[in-house]
There are 2 protein chains.
Amino acid sequence: MAKKLDPLLHNELRLSILSLLISLEHADFGYLLEKTEASKGNLSVQLTKLKEVGYIEITKTFKNNYPYTECKVCPKGIEAFEKYVNEISKLLNLKK
Amino acid sequence: MAKKLDPLLHNELRLSILSLLISLEHADFGYLLEKTEASKGNLSVQLTKLKEVGYIEITKTFKNNYPYTECKVCPKGIEAFEKYVNEISKLLNLKK
DNA sequence: TAAACTAGTTTATAAAATAAACCAAACAAT
DNA sequence: ATTGTTTGGTTTATTTTATAAACTAGTTTA
């Protein structure tokens, strides 16, 4: 079919992540875990996917001796998200 | 994660089908094929799924000696669609 | 120093999406 | 009347995705 919806965004968890990152600008792994209620494994996989296509940036450092993963949305991610919103709005006959 | 989006609707083709059926009330296989630009096989499978959960009703008759498949949305389908719209609107911070 | 916890990643499995192959009946040409 | 072609689909096989379970590497606590 004539695919309009970016398949990378058309997934509930990835959509939630990007939505959060867009409103917050950046967030750490634990926060995303809590907010999305995803499993750690699933969250990790989906973050990696979003990073691989350049929608987000992941910075790994240490905080209190523990690994600390921070995520930040990239311009490409914002663009893709906005496009997704437009397309699904059309599909569902929503006004933005 | 805390799943909010009905997985049966969170699929582009099924979403398109339901969106069309809601605005048109009913449509035949060929029309849906044309509008969605899906393959026949995919359309057939997704229509069957939507029927199996009671979101749409499928009526098979004959027209000019050929099989003729008509689809119509059911109340349950309308309800599910509306719920989906609400949930994804929240997720994406859209106003309906 | 062993157990338990933190903060993740990797991988195995199940589920889903999709296209390719198929089918039965109708029509068309030979 | 037989062969080929088209219509209007369905079924099935394959690939892709999503997800949870298992694992890793290091830290803290007892």
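Sequence lines set the chain letters: A, B, ... in the order given, protein chains first and strands last, and positions in each chain run from 1. Nothing here was measured: the structure is a model prediction, and the numbers come from that model.
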For B:Ile58 and D:dG9, what is the distance between atoms CD1 and C1' respectively, to the nearest whole Å? 11 Å
Please tell me which of the listed nucleotides, D:dG8, C:dA7, D:dT19, lies nearest to the side chain of A:Gln46? D:dT19
Between C:dA7 and A:Asn64, is there an OP1 or OP2 to side-chain N/O distance shorter than 4.0 Å? no
Using OP1 and OP2 only, check whether a side-chain N or O of A:Ser39 sits under 4.0 Å from D:dA20. yes
Taking only the side-chain nitrogens and oxygens of A:Asn65, find out if one of them lies under 4.0 Å from OP1 or OP2 of C:dT6. no
Minimum-distance nucleotide to A:Val45 side chain [options: D:dG9, C:dA19, D:dT19]: D:dT19
Rounded to the nearest 0.5 Å, what's the gap from OG1 on B:Thr59 to NZ on B:Lys51? Could you check? 10.0 Å
Return the value, rounded to whole Å, for the distance between atom CD1 of B:Ile17 and atom P of C:dA17. 11 Å
Between NE2 of A:His10 and C1' of D:dT16 the distance, given in whole Å, is 15 Å
Phosphate OP1/OP2 of D:dT19: any B:Lys3 side-chain N/O under 4.0 Å: yes
Any salt bridge linking B:Glu87 with B:Lys90? Criterion: basic side-chain nitrogen under 4.0 Å from a carboxylate oxygen. yes
Measure the distance from CG on A:Leu5 to P on C:dT18 and round it to the nearest whole Å. 11 Å
Can you tell me if the side-chain N/O atoms of A:Lys49 get under 4.0 Å from OP1 or OP2 in D:dA18? yes
Please determine whether a side-chain nitrogen or oxygen atom of B:Arg14 lies at a distance below 4.0 Å from atom OP1 or OP2 of C:dA16. no
Of all the choices, D:dT19, C:dT18, D:dT10, which nucleotide is nearest to the side chain of B:Phe29 once you look at every atom? D:dT10
How long is the line joining CG of B:Leu43 and C1' of D:dT7, in whole Å? 15 Å
Student check: side-chain heavy atoms of B:Leu47 and B:Phe29 closer than 4.5 Å: yes
Check the distance between D:dT15's C1' and B:Asn42's CG and give it to me in whole angstrom. 13 Å
Check whether any side-chain N or O of B:Glu12 sits under 3.5 Å from a backbone N or O of A:Lys3 as a donor-acceptor pair, and report yes or no. no
To the nearest angstrom, the CD-P distance between A:Glu52 and D:dT17 comes to 12 Å
Would you compute the distance between atom CG of A:Leu15 and atom CG of A:Asp6 and round it to the nearest 0.5 angstrom? 10.0 Å
Let's see if you can work this out: which of D:dT10, C:dT9, D:dG26 has an atom nearest to the side-chain heavy atoms of A:Lys40? C:dT9
Mind checking if B:Lys63 touches a base, just sugar-phosphate, or nothing, with heavy atoms under 4.0 Å? nothing
Determine: side-chain N/O of A:Lys60 to OP1/OP2 of C:dA7, distance under 4.0 Å, yes or no. no
Provide, to the nearest angstrom, the distance between the CG atom belonging to A:Leu47 and the P atom belonging to D:dA18. 14 Å
Heavy atoms from C-beta onward define the side chain here; which of D:dA18, D:dT27, D:dT10 lies closest to that of A:Asn11? D:dA18
With A:Thr69, the side chain to side chain contact (heavy atoms under 4.5 Å, CB included) member among A:Thr61, A:Ile58, A:Leu32: A:Ile58
